[in-house]
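To start, the structure itself, in structure tokens.
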2 protein chains.
Amino acid sequence: MQVAVLVVILTVSEEELRVLLIHRSGEPYLGWWALPGGGLLPAETLAAASARKLVEETGVSDVYLEQLFTFDGLDAEPGSVAVAYFALVDARRVRLRAEAAWEPAWFAVAALPELAFDNARVIDYAITRLRNKLVYTNVAYSLLPQAFPLSDLQAVYESIFGRAFDKRNFRRRMLSQGIIRPTGRTAARGAHRPAELYEFSSRQPMVL
Amino acid sequence: MQVAVLVVILTVSEEELRVLLIHRSGEPYLGWWALPGGGLLPAETLAAASARKLVEETGVSDVYLEQLFTFDGLDAEPGSVAVAYFALVDARRVRLRAEAAWEPAWFAVAALPELAFDNARVIDYAITRLRNKLVYTNVAYSLLPQAFPLSDLQAVYESIFGRAFDKRNFRRRMLSQGIIRPTGRTAARGAHRPAELYEFSSRQPMVL
DNA sequence: CCAAAAGTGTTCGGCTTACACCCATGT
DNA sequence: ACATGGGTGTAAGCCGAACACTTTTGG
């Protein structure tokens with residue numbers, strides 16, 4: 001198998017940027033934590049293979065998925081390359097198949113276990129790309145449900161960048177860039193003033 | 001041969017952004033203009049293969065070379081992928097091997113011939129990437145000689161973006177971003193005031 | 001009435017843009 | 001002396017960053 005795909009599936013939950021890892025079922029690195037991936041089916045495109053892997057692991061399909069980089073020498077087998085993709089999913093929509101032999105699990109990227117190959121480098125690469133894209137695109141739509149309070153969106157950004165933003169500036173930026181718009185609805189979530197709900201102006205990837 | 005590299009070699013000469021094309025020597029598209037590329041040698045990395053192709057075509061090796069994107073379905077042969085790279089070279093340092101069977105030649109990207117596969121898409125992709133990188137990196141160093149008048153640098157930027165920039169603002173930006181610095185030398189080039197010569201502060205790729 | 005998160009405007013500094021004239025040289 | 005490209009400063013608008021108080025609700 002000369003060409004394989006590798007999928008960095010990212011989400012934000014409990015205020016942490018997390019990546020989906022599985023246990024490897026083959027040599028080398030049998031039983032180690034690793035990124036999901038694998039070979040292509042006959043006549044399958046790279047994009048289709050990465051989307052298939054994503055569905056296999058998470059059950060979701062209509063999310064942001066982008067080619068990241070092509071690595072070689074990952075498994076010390078000359079001539080083989082891994083085309084890495086990264087996906088952004090809303091953890092609430094994902095049902096990990098707990099019964100699967102490879103025991104998929106979410107790990108905070110700030111506290112990764114030891115990984116097979118140099119998958120850690122691939123994940124770093126994905127995080128850097130994601131941080132850049134958040135600045136000039138609307139890809140965050142893929143991390144949130146259809147409607148959400150603004151504070152949830154801000155928490156997503158803060159978790160990914162690892163720092164706090166000013167509430168007023170953040171709101172102004174999201175609205176003036178046209179990333180989101182108010183729905184008119186509100187939702188209460190505790191002993192305090194209910195929040196207005198927002199939605200993304202577009203749920204297709206857009207450069208701002 | 002499942003994995004191949006493809007190299008988009010770009011330069012600016014005579015106020016035009018140009019790409020190096022060769023004649024294909026094999027089927028399909030025998031004899032058509034196409035991007036240089038080919039398979040990997042045993043145990044060769046992708047980066048090494050693209051650098052080798054670059055040397056074969058241009059004789060230069062110490063230039064900016066970056067992985068661009070991995071395409072599949074380019075040649076309708078399922079399971080094969082082409083990992084595209086792009087390189088930035090100073091045309092004055094290049095000696096095309098005119099005797100070679102594939103007759104390499106520079107084409108203005110604004111006036112490309114019909115190309116094999118969808119190499120035109122690969123070139124578009126490279127141009128877009130280059131325009132973006134020029135904004136926040138110093139990669140232009142790879143398109144110019146060691147020392148140069150500021151107007152040459154500006155002409156390079158203008159050719160790539162396809163529009164004119166204000167002289168004063170351009171100078172201020174290049175200097176305040178620390179991309180270039182004066183050498184103290186000057187050079188005359190015609191019936192007018194000689195220009196000060198500048199050099200890049202660093203000839204390694206740097207994010208500003 | 002208290003705790004908790006939601007919502008709201010203004011000021012300042014820096015960066016980008018637009019814009020016009022004098023300088024040094026070769027012929 | 002004139003033609004040619006080289007070199008220079010300033011003002012206006014826009015954008016991002018910093019910053020504190022009031023509102024609404026549940027308990």
Side-chain angles (χ1 to χ4, degrees), chain A residues 12-15 131-138 140 144-145 147-199 207-208, chain B residues 12-15 131-138 140 144-145 147-199 207-208:
Chain A
V12 175
S13 62
E14 296 161 74
E15 316 267 292
R131 285 181 181 147
N132 290 333
K133 289 250 159 176
L134 281 180
V135 174
Y136 65 93
T137 70
N138 68 339
L144 286 153
F148 49 87
L150 197 48
S151 55
D152 279 13
L153 179 61
Q154 183 167 347
V156 163
Y157 273 73
E158 290 179 340
S159 299
I160 294 172
F161 284 99
R163 63 192 184 86
F165 296 110
D166 180 87
K167 210 166 32 156
R168 288 161 288 189
N169 294 338
F170 183 81
R171 171 189 299 267
R172 191 181 12 250
R173 210 170 77 224
M174 292 299 128
L175 288 170
S176 74
Q177 288 184 130
I179 299 184
I180 56 169
R181 62 179 171 223
T183 60
R185 289 173 290 143
T186 61
R189 203 162 45 172
H192 52 80
R193 177 172 173 175
E196 295 177 31
L197 293 178
Y198 289 82
E199 62 189 354
V207 175
L208 303 176
Chain B
V12 175
S13 62
E14 298 161 74
E15 316 267 291
R131 285 181 181 148
N132 290 333
K133 287 249 158 175
L134 282 180
V135 174
Y136 65 95
T137 69
N138 68 340
L144 287 153
F148 49 86
L150 197 50
S151 55
D152 280 14
L153 178 61
Q154 184 168 345
V156 164
Y157 273 74
E158 290 179 341
S159 300
I160 294 171
F161 284 101
R163 65 194 183 85
F165 296 110
D166 180 87
K167 215 170 21 162
R168 290 161 286 189
N169 295 338
F170 183 80
R171 171 188 300 267
R172 195 182 8 249
R173 209 169 78 221
M174 292 298 127
L175 289 170
S176 74
Q177 289 185 131
I179 299 184
I180 58 170
R181 61 178 173 224
T183 61
R185 290 174 290 144
T186 61
R189 203 163 43 173
H192 51 79
R193 175 174 176 177
E196 296 178 31
L197 293 178
Y198 290 82
E199 63 189 355
V207 174
L208 304 177

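As a basis for the values below, the full set of heavy atoms in this structure was taken, side chains included, without hydrogen atoms, waters or symmetry mates. Order of the sequence lines sets the chain letters (A, B, ...), proteins ahead of strands, with each chain counted from 1.
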What integer distance in Å separates [X]:[atom1] from [N]:[atom2]?
X: A:F165; N: D:dC15; atom1: CZ; atom2: C1'; result: 16 Å
X: A:R185; N: C:dA6; atom1: CZ; atom2: C1'; result: 18 Å
X: B:R171; N: D:dG9; atom1: CZ; atom2: P; result: 10 Å
X: A:F170; N: C:dA5; atom1: CZ; atom2: P; result: 18 Å
X: B:D152; N: D:dG5; atom1: CG; atom2: P; result: 13 Å
X: B:M174; N: D:dG6; atom1: CE; atom2: C1'; result: 17 Å
X: A:E158; N: C:dA5; atom1: CD; atom2: P; result: 13 Å
X: A:L175; N: D:dC15; atom1: CG; atom2: P; result: 15 Å

Heavy-atom side-chain contact between A:L150 and A:I180 under 4.5 Å: yes
Validation row: A:R131, A:V135 side chains within 4.5 angstrom (heavy atoms): no
B/S/- contact track for nucleotides 17-27 of chain C, protein heavy atom under 4.0 Å: BBBB--BBBS-
Salt bridge flag under 4.0 Å for residues B:D152 and B:R189: yes
Separation between CZ of A:R193 and OG1 of A:T186, rounded to the nearest 0.5 Å: 10.5 Å
Toward the 5' end of DNA chain C, by each residue's nearest nucleotide, A:R189 or B:S176: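 Whichever sits nearer the 5' end wins; that is A:R189.
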A:E196 vs A:R185, salt bridge (Lys or Arg N to Asp or Glu O under 4.0 Å): CA-CA, chis, key distance, verdict: CA-CA 6 Å; A:E196 295 177 31; A:R185 289 173 290 143; over 6 Å; no
Phosphate OP1/OP2 of D:dG6: any B:S151 side-chain N/O under 4.0 Å: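 Checking D:dG6 against B:S151, a side-chain N or O does come within under 4.0 Å of OP1 or OP2.
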Pair B:Y157 + B:F170: ring centers closer than 6.0 Å: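 Between B:F170 and B:Y157, which both carry aromatic rings, the centre distance is below 6.0 Å.
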5'-most by nearest nucleotide on DNA chain D - B:E196 or A:Q177: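 Mapping each residue to its closest nucleotide by heavy atoms, the 5'-most match is B:E196.
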Atom of B:K167, atom of B:Q154 and distance for their closest heavy-atom approach: CA-OE1, 3.7 Å
